[in-house]
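Working notes, structure below.
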Amino acid sequence: MDAAEVGAALTALGSVGLLLADRRSLFLAGLGVLAAAEGALVVSVVLAAAPLRLPFDVDADSRFLITRAEAGGLGRLLPLYTVLAIAALALVIRLVRGADVRVLPRELALPVGAFLAFASVSLVWSADQEAAADRIAFYVIPFVVLVVAIANSPFTPRAQRALGVVAVGLAVVFAAIGVAQAATRQLLFFAPSVEISNAYGGLFRVTSLFTDPSLYGRHVVLGLAVLLVAVWLRNVSFALALVLSAILFTGLYFSYSQSSLAALFAVGVAVPLLVGTRLTRKVVAVGAAAVLVAVAVAAIYEVRDASLREATSGRSRRVHIAVRIFADHPVAGVGLAAQPRASQERDQNPAPESSYVSHTTPLTIAAELGAIGLALYTAILVGVVLVVDRV
């Protein structure tokens with residue numbers, strides 16, 4: 001039985017035992033079995049819930065706290081929060097009943113803990129304290145719970161296969177919805193900038209169950225990456241992989257996301273370089289170099305008469321302003337989640353705040369948390385490499 005089957009069996013047993021319990025010992029036993037069931041299921045359910053954002057938001061001024069998101073937007077990660085809350089409760093029950101705590105690798109736990117602590121403390125000097133508090137409540141704290149819950153969950157070979165199926169399955173669903181949107185030219189969710197570009201631009205970019213085409217594209221690339229590894233290791237038939245890849249790439253195409261295509265290219269090169277034969281690595285390396293040269297030449301030809309701002313769709317301006325913020329606050333930055341507002345305040349012709357997100361993680365960290373945050377982020381990347389190398 002795989003993890004999902006074990007979880008289902010334990011859920012049934014625990015539910016019956018808990019509902020029919022007439023003694024304290026039986027009641028606690030039922031809770032323990034349900035906790036074990038959650039442990040067997042939580043990783044797959046977390047992966048399934050992680051991308052899903054229902055069109056509801058949190059508003060402290062609302063009577064019921066939860067409100068409906070407006071203007072085609074999406075709300076918080078409510079499905080993920082629900083799963084994490086249950087997982088945390090299950091973990092507490094297991095620990096109370098004597099389960100051992102799994103110790104995270106120190107080379108990863110220390111920099112992650114230090115980074116999150118520093119980011120949280122930066123609320124004190126954040127130039128946008130409301131956004132910083134929002135980031136801590138809805139992202140930092142759930143992220144910590146997520147790491148602990150995942151670390152204390154069982155990982156059997158079949159559970160790992162289930163994770164692969166969930167990742168590819170979600171990507172196929174997203175891609176299918178994206179293709180349908182391209183055919184009907186109707187979006188479920190969207191950011192205002194996407195609506196404007198679709199109305200007046202030459203391309204109709206789809207978003208599937210997301211608000212941003214690039215975010216949607218990256219989720220599809222994740223499915224393609226897992227599928228590529230599975231094919232390379234011969235864990236899935238070539239015919240099935242071909243069909244699924246066709247669906248995924250078609251959905252990715254209609255996102256018109258250059259960053260997603262670049263990520264797919266990186267994955268396509270990295271996988272054979274890591275697990276291929278010596279000859280395969282040489283062929284891939286030469287082919288990748290040729291493709292990069294061709295893309296560079298084509299890009300130069302395409303933008304030869306355009307300014308840097310036009311060529312990068314305005315992103316160079318975002319980067320330039322964020323660099324200025326880092327230069328003005330080099331040690332500790334302007335505080336968590338404050339980069340967009342700080343950038344807006346430095347622009348002589350300010351646009352909506354959402355137009356100033358740098359879209360470059362290291363640069364955002366540098367602007368918001370300064371050299372200290374950037375050093376801790378680098379330490380996290382080093383820790384990730386060390387842990388992956390150990391695996």
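What you see is a predicted model; the values in this text were computed from it and never measured.
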Residue pair Tyr139 / Leu77, side-chain heavy-atom distance below 4.5 Å: yes

Pairwise distance OG(Ser245) to CG(Leu227) - rounded to 0.5 angstrom: 4.0 Å

Qualifying residue for salt bridge (charged side-chain N to carboxylate O under 4.0 Å, His left out) with Asp347, from Arg318, Arg341, Arg317: Arg317

N/O donor-acceptor pair under 3.5 Å between Ser122 side chain and Ala119 backbone: yes

Flag, side chain of Gln344 to backbone of Tyr356, donor-acceptor distance under 3.5 Å: no

Plane angle bin for Phe138 and Tyr81 - parallel if under 30°, tilted between 30 and 60°, otherwise perpendicular: tilted

Heavy-atom side-chain contact between Ser120 and Leu336 under 4.5 Å: no

Co-members of the apolar cluster containing Val269 [side chain, <4.5 Å]: Phe265, Leu273, Val284, Val291, Leu292, Val295

Arg346 side chain vs Ala342 backbone, donor-acceptor pair below 3.5 Å: yes

Check: Val206 main-chain N/O paired with Tyr256 side-chain donor or acceptor under 3.5 Å: no

Side-chain heavy atoms of Leu215 within contact of Thr211, under 4.5 Å: no

Check against side-chain contact (heavy atoms from CB on, under 4.5 Å), Asp212 and Thr207: CA-CA 6 Å; Asp212 182 78; Thr207 59; 5.9 Å; no

For Ala366 against Phe326, the heavy-atom pair lying closest together: O-CD1, 3.2 Å

Co-membership, hydrophobic cluster, residues Tyr253 and Leu244, 4.5 Å side-chain: yes

Aromatic plane relationship, Tyr377 with Phe115 - under 30° parallel, 30 to 60° tilted, over 60° perpendicular: tilted

Sidechain-backbone polar pair: Arg205 side chain, Ser255 backbone, donor-acceptor under 3.5 Å: yes

Closest contact, heavy atoms only, Ala241 versus Val236: CB-CG1, 4.2 Å

Main-chain N/O of Leu363 paired to Ser358 side chain as donor or acceptor, under 3.5 Å: no

Phe238 and Trp232: CA distance, side-chain angles, deciding distance, ring pair (Phe, Tyr, Trp, His ring centres under 6.0 Å) verdict: CA-CA 9 Å; Phe238 182 78; Trp232 200 278; over 10 Å; no

Minimum heavy-atom distance between Val267 and Ala225, given as atom pair plus value: CG1-CB, 3.6 Å

Straight-line distance of Leu163 CG to Arg158 CZ, nearest 0.5 Å: 14.5 Å

Test item: Ser126 side-chain N/O and Asp128 main-chain N/O as donor-acceptor pair under 3.5 Å: yes

Heavy atoms from other residues, nucleotides or ligands near CZ of Arg278 exceed 12 (cutoff 6.0 Å): no

Non-hydrogen side-chain atoms of Leu80 and Pro142 separated by less than 4.5 Å: no

Spacing of OG belonging to Ser208 relative to CG belonging to Leu252, to within rounding of 0.5 Å: 11.5 Å

Donor-acceptor under 3.5 Å (Glu195 side chain, Phe190 main chain): no

Arg281 side chain vs Val275 backbone, donor-acceptor pair below 3.5 Å: no

Gln339 side-chain N/O to Thr364 backbone N/O, donor-acceptor pair under 3.5 Å: no

